[in-house]
There are 2 protein chains.
Amino acid sequence: MAARPRVIIIGGGFGGLTAARTLKRAPVDVTLLDRRNHHTFQPLLYQVATAGLSPGDIASPIRWILRHQSNVRVLLAEVQHIDVERRMVHIRSADSVTRSAAESGRSFTLDYDYLIVAAGATHAYFGHDEWRDRAPGLKTLDDALRIRRRVLLAFERAELEPDPERRRRLLTFVVVGGGATGVELAGALAELSRHALAHEFRSFHPDTARIVLLEGGRDVLSAFVPPLRAFALKSLEKLGIEVRTSAVVTAVDEDGVHIKAQAPSSEPQAPDERLRAGTVLWAAGVAAAPIGRALGAPVDRAGRVLVEPDLSLPGHPEVFIVGDLASVTQDGRLLPGVAPVAMQEGAYVARLIRGIARGSQPIPASRRPFRYHNPGDMATIGRAAAVADFGRFRLTGWIAWVAWLFVHILKLTGFRNRLLVLVQWAWAYFTYQRSIRLIAGEDRG
Amino acid sequence: MAARPRVIIIGGGFGGLTAARTLKRAPVDVTLLDRRNHHTFQPLLYQVATAGLSPGDIASPIRWILRHQSNVRVLLAEVQHIDVERRMVHIRSADSVTRSAAESGRSFTLDYDYLIVAAGATHAYFGHDEWRDRAPGLKTLDDALRIRRRVLLAFERAELEPDPERRRRLLTFVVVGGGATGVELAGALAELSRHALAHEFRSFHPDTARIVLLEGGRDVLSAFVPPLRAFALKSLEKLGIEVRTSAVVTAVDEDGVHIKAQAPSSEPQAPDERLRAGTVLWAAGVAAAPIGRALGAPVDRAGRVLVEPDLSLPGHPEVFIVGDLASVTQDGRLLPGVAPVAMQEGAYVARLIRGIARGSQPIPASRRPFRYHNPGDMATIGRAAAVADFGRFRLTGWIAWVAWLFVHILKLTGFRNRLLVLVQWAWAYFTYQRSIRLIAGEDRG
């Protein structure tokens, strides 16, 4: 083993970044790999998708965040293969976006003593990956920009459309999935059409736009306690959003979606219903990054790695999985794929490695298992309404929204981003505007 | 003729937008067509290209800008054909970015009584359009994002590159064209590499990046008087930029550019020189939008329409050309393709039409010819240095930079944008950071 242990971290999301930062004063050499050059504050992606914030407000270059941490090297690279037996990671420079054949896709090999895999997850289409083009999800900045483009284009096309039936279809937006992302997306879409776009179109009133939120289960925000769910439902309906629960999507096509009502098994099944919509957005399901399966360890149905209590890969105490890629059960429940879980996991693993590197922690025996401490759950529903559950107390409405604002501003990376987002939210609050309404770039589906 | 004359404006840049606004209280019905949904403040595009500002800071939706002007309808559409004899414009909905075959590319026809063509211009590659992919220009937000992506990727690739020769090439940036755009771009690139990226790379020092500014003529900023040119040159060299004048690009390829020194004809021609560079940016030449030629009137070498003194199309007193698409000579000099010219032309034409619509202006006889009043020329050279020529007085250095800042902030559309840009510039000034360093989207060349 080298004088200083080499730690490789795959992924610069909440889990990987927290691990890197926690290793700041550890006697190790860290290499952080990511396919993107920036860390994205995913909880606010829906604000970019609905033209409330700019990409630059919620993302920072990973190497900028870690610039003063001299034991960290950041590489923009794609992982090709992990050889856990030889403790090697094969990477390729992630510059496939440039067209110079001479340089693109150069391969390198890196050795490690410890590996932290924090490659995240994306949305699952219930085995129908062909729906992805028609119903984009919201996990990256590119996803958010794609959704923004489609939503704004729908209104533009409606302005030119003489046929009322087709215009109606163009102005129908379906959001699939009633978790926090789906609820926040639907709420922001309602705001956009009811307020920000008012006065701007001549052939229709933007507030006639129809926004439908589909949830396969019995409730929206099912992670919350029943009173908060009820408040959320009421708030969504007040915004004019049609909430359809127990509604499962059976098909997505050019014309919209097909849904089947989930009837109790005693009743006869209702036939499929067609919902014509110009825009379908996906906020359901979880599919872990394929790298999880490639590690050779057992995975759950979503492809998450079933880790040891210390988050290590079974049989490999020097390999750890953190964040959405790890399947961790605590008190009989699977930990959700949210930022606080990933951050606590990243910090836990980094402290373990730091302890070993300093010689104070035996490997791998007698590691204290990871335990998640929930700081609270929150979700916003459009303008000035939210639900928040901090365990000991719960908030709804305006005060929950203020709490949500406060927490999210504080957690953004960089004082500059905090200041800018605050200015823009204050602006949006008083003017009802959503200002980053740019249709740019091209849609590759 | 209809009760209210119908005015069609093609293009939502400085010329078209000013025309629309000037028609605010005129008894006419205006339709403004643009392929993009936003007006871009082009003088600050180089700030987006070099990660200093977000696209949303310098662009606003056209329909938002005109939302309170009830006699204006804004359509996102592409002009297919103008029939000046029948006074008709054939358009197609500009939604080719979406993939629904059912809706895309629907065609419509619009009649007009007056037509204002303000379709702008782009860069010219001196007959070598195949250079476009290798050396992107800077006219739209998409252009700016493409340049930002390439510049940032060059540094990322250099961090992974073990070969010093190839790394050197990756860290060489060539800007072709020594006008205001080229000078501003080169200055901002120097700032980015000398300050903002410091401390972030482990295998090289970003301030070793080589930035070369190529100008075919004898001077950079040739539109300015000699003392200001000299100051600009000194400022560029202080930033470590290699300025090569009388240097004509003869080829652009994967490996960089070929240049030929322009020797006085008495001296023997020097052979071509090869300049290896990973990134080549284009800020030279003018090519008017093809719609100009399609009007059937005489055009100049760059495709600009040779208009009448009242900016009308020869033989068509009801069709006007404004902005970069018009070739207007005043006092023996061609008016430059800058925002003030386009705005004054747009306002002039709109006032003409307003006068006719109100019955106070005879058509087309005895129109007073258009005359441009130059409010001053300015260019920045990196951080806290600029040149400004207001005719009666000239400024250089920090004070010129403050004047530049002030003028550009004031001219931005929307108070929100002004506030945000000011905050970000203040931030960048005190921290030396350029924060919007995101590599996103895909490069289609």
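Letters A, B, ... mirror the listed sequences (proteins, then strands); counts begin at 1.
Interface remark: B:His199 contributes backbone and side-chain atoms alike to the contact with chain A (heavy atom separation under 4.5 Å). Proximity to chain B is limited to the backbone of A:Ser70, based on heavy atoms less than 4.5 angstrom apart. Contact annotation for A:Arg202: only side-chain heavy atoms (C-beta onward) come within less than 4.5 Å of a heavy atom of chain B. With a 4.5 angstrom heavy-atom cutoff, A:Leu53 does not touch chain B via any of its atoms. Using a 4.5 Å cut-off between heavy atoms, A:Leu66 touches chain B through its backbone atoms (N, CA, C, O) alone. If you measure heavy-atom distances from A:Leu438 to chain B, the contacts under 4.5 Å come from both the backbone and the side chain. If you measure heavy-atom distances from A:Trp427 to chain B, the contacts under 4.5 Å come from the side chain alone. Only the backbone of A:Gln69 comes within less than 4.5 Å of a heavy atom of chain B; no side-chain atom from C-beta onward does. Contact annotation for B:Leu145: neither backbone nor side-chain heavy atoms come within less than 4.5 Å of a heavy atom of chain A.
Looking only at distances, no side-chain donor or acceptor of A:Arg73 sits under 3.5 Å from a matching main-chain atom of A:Thr31. With hydrogens and angles disregarded, no donor-acceptor distance shorter than 3.5 Å links the side chain of B:His90 to the backbone of B:Thr109. Listed for the A:Arg437 side chain is no donor-acceptor partner under 3.5 Å among the backbone atoms of A:Ala51. Looking at B:Asp57, its side chain never comes within 3.5 Å of a backbone N or O of B:Val421 through a donor-acceptor pair.
Contacts with chain A were tallied for B:Arg416, B:Gln433, B:Gln424; B:Arg416 has the most, counting heavy-atom pairs under 4.5 Å. Ranked by heavy-atom pairs shorter than 4.5 Å toward chain A, the options B:Arg36, B:His38, B:Arg63 are led by B:Arg63. Ranked by heavy-atom pairs under 4.5 Å with chain B, the first of A:His68, A:Glu200, A:Glu159 is A:Glu200. Annotation: maximal heavy-atom pairing with chain B below 4.5 Å, among A:Pro162, A:Pro61, A:Ala198, occurs at A:Pro61.
Relative ring orientation between B:Tyr432 and B:His195 is described as tilted, the plane-to-plane angle lying within the 30° to 60° band.
Checking each of A:Leu17, A:Thr413, A:Thr40, A:Asn37 against A:Ser60 for a side-chain contact (heavy atoms from CB on, under 4.5 Å) leaves exactly one that passes, namely A:Thr413.
Judged by distance alone, the side chains of A:Thr50 and A:Arg434 do bring a donor and an acceptor atom under 3.5 Å apart.
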- request: Show your reasoning for whether side-chain contact (heavy atoms from CB on, under 4.5 Å) applies to A:Phe173 and A:Leu281.
  value: CA-CA 8 Å; A:Phe173 300 84; A:Leu281 307 177; 5.8 Å; no

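Atom CD of A:Glu130 has more than 12 neighbouring heavy atoms from other residues, nucleotides or ligands inside a 6.0 Å radius.
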